[in-house]
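Single-structure report; data block below.
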Amino acid sequence: MPSPRLRRSFFDRPVLKVAPDLIGATLLVDGVGGVIVELEAYHHTEPAAHSFNGRTERNAVMFGPAGYVYVYRSYGIHWCVNFVCEEEGSASAVLIRALQPTHGLPAMRRRRGLQEERALCSGPGKLCQALGVTREHDGLALDVPPFRLEERVEVPEIVAGSRIGITRGTELNWRYMDAGSPYLSRAVPREAKP
DNA sequence: ATGAAGATGAAT
DNA sequence: TTCATCTTCATC
C-alpha cells in the first residue's frame with residue numbers, strides 16, 4: 001500500500017531542515033519516478049542561489065509559497081527541477097539531483113534512449129528527461145497531479161557534502177545524499193559528514 | 001542590443 | 001577535457 005503523501009506544508013520550514021528529510025521520499029510525475037537519493041539546498045542568502053540577486057521572470061516561483069515546483073533550463077539543453085521551501089518571499093529551494101528509479105522504467109528508458117538503470121536518473125538533467133519534466137511544470141504545486149510525493153518508509157544513511165558545479169559557498173552542508181545508493185550523480189566525497 | 005556565463009551530460 | 005546549445009541577465 002502507498003505511503004502517505006507529503007503536503008505542501010512539509011516544505012514551509014528552513015531549507016536546510018527540509019533537504020535531509022526528503023532523502024528517501026518518492027517523487028512521481030504522471031506515475032513515473034523513484035526514490036530521492038540526492039539533492040542540494042539553495043538558500044536565498046547564498047550567492048549560488050538563483051534568487052540571490054532578486055526576483056526575475058525566471059525565478060519568480062521561488063519567491064512564492066512553499067511546496068511549488070521551480071524548473072529552469074540548464075546550459076541551454078537540460079531541465080532541472082526544484083521544490084520551493086520556506087515562507088513566501090524567502091525564495092529558497094532544493095534541487096533534486098538523483099533518483100533511484102522505481103516506477104515507470106519503460107517510459108524512462110524510452111525518453112532517455114538508454115537501458116542501463118544506473119544512468120536513468122543519476123543527475124538533475126537526466127531525471128527531468130526521464131520523468132518528462134519541462135518548463136510546462138514550472139509553478140505547479142507538488143501535491144497535485146501530475147506530481148505526487150510519498151513519505152519515505154525507511155530512513156537511509158544520510159550524509160552531507162558540498163554542492164556540485166558551484167564555486168562559491170562550498171561548505172559541507174548543502175548537498176545531501178543516501179550514502180549507500182548506487183544511483184547518485186557522483187560518488188560520496190571522502191570529506192562527507194553525517 | 002549585445003555578450004558572457006551557466007545548479008549538465010555525453011563523448012573523446 | 002571538450003563541446004553541444006541557448007536562455008538569462010547584466011551591461012552598454
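These numbers come from a predicted model, not from an experiment. Here is how names work: the chains are called A, B, and so on, in the same order as the sequence lines, proteins then strands, and each is numbered from 1.
Side-chain atoms of A:L95 lie closest to B:dA7 of the nucleotides B:dA10, C:dA10, B:dA7. In this structure, the nucleotide among B:dT8, B:dA7, C:dA4 sitting nearest to the side chain of A:S74 is B:dT8. Nearest to the side chain of A:R58, among B:dA7, C:dT8, B:dA10, sits C:dT8. In the set C:dA10, B:dT8, C:dT5, the nucleotide with an atom closest to the side chain of A:C80 is B:dT8.
The neighbour count for A:E191 CD, taken as heavy atoms of other residues, nucleotides or ligands under 6.0 Å away, is above 12. Heavy-atom neighbours of A:R5 CZ from other residues, nucleotides or ligands within 6.0 Å: at or below the threshold of 12.
At whole-Å resolution of the value, CZ in A:R73 and C1' in C:dC6 are 7 Å apart. Put simply, OH on A:Y72 is 17 Å from P on C:dC6, counting in whole angstrom units. Atom CZ in A:R163 sits about 11 Å away from atom P in B:dT8, given to the nearest Å. One interatomic measurement links the two molecules: CG of A:L114 to P of B:dG9, which rounds to 12 Å at whole-angstrom precision.
Map A:T167 and A:A119 each onto its nearest nucleotide of DNA chain B; the residue landing nearer the 5' end is A:T167. The residue among A:R135 and A:H78 whose nearest nucleotide of DNA chain C lies closer to the 5′ end is A:H78.
The residues A:R152 and A:D178 are annotated as not salt-bridged, no charged nitrogen and carboxylate oxygen being separated by less than 4.0 angstrom.
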Report the secondary structure of DNA chain B in dot-bracket form, marking unpaired bases with a dot and bases paired to a different strand with |, and treating Watson-Crick or G-U pairs with both distances under 3.5 Å as paired.
||||||.||||.

Step by step, would you call A:F11 with A:V84 a side chain to side chain contact (heavy atoms under 4.5 Å, CB included)?
CA-CA 7 Å; A:F11 299 89; A:V84 177; over 6 Å; no

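Ring stacking holds between A:Y42 and B:dA7, with the centres under 5.5 Å apart and the planes within 30 degrees of each other.
Here the side chain of A:R109 pairs a donor or acceptor atom with the backbone of A:Q115 at under 3.5 angstrom.
Atoms CZ and CG, on A:R112 and A:L105 in that order, are 12.5 Å from each other to the nearest 0.5 Å.
No donor-acceptor contact under 3.5 angstrom links the side chains of A:Y183 and A:E38, judged on distance only.
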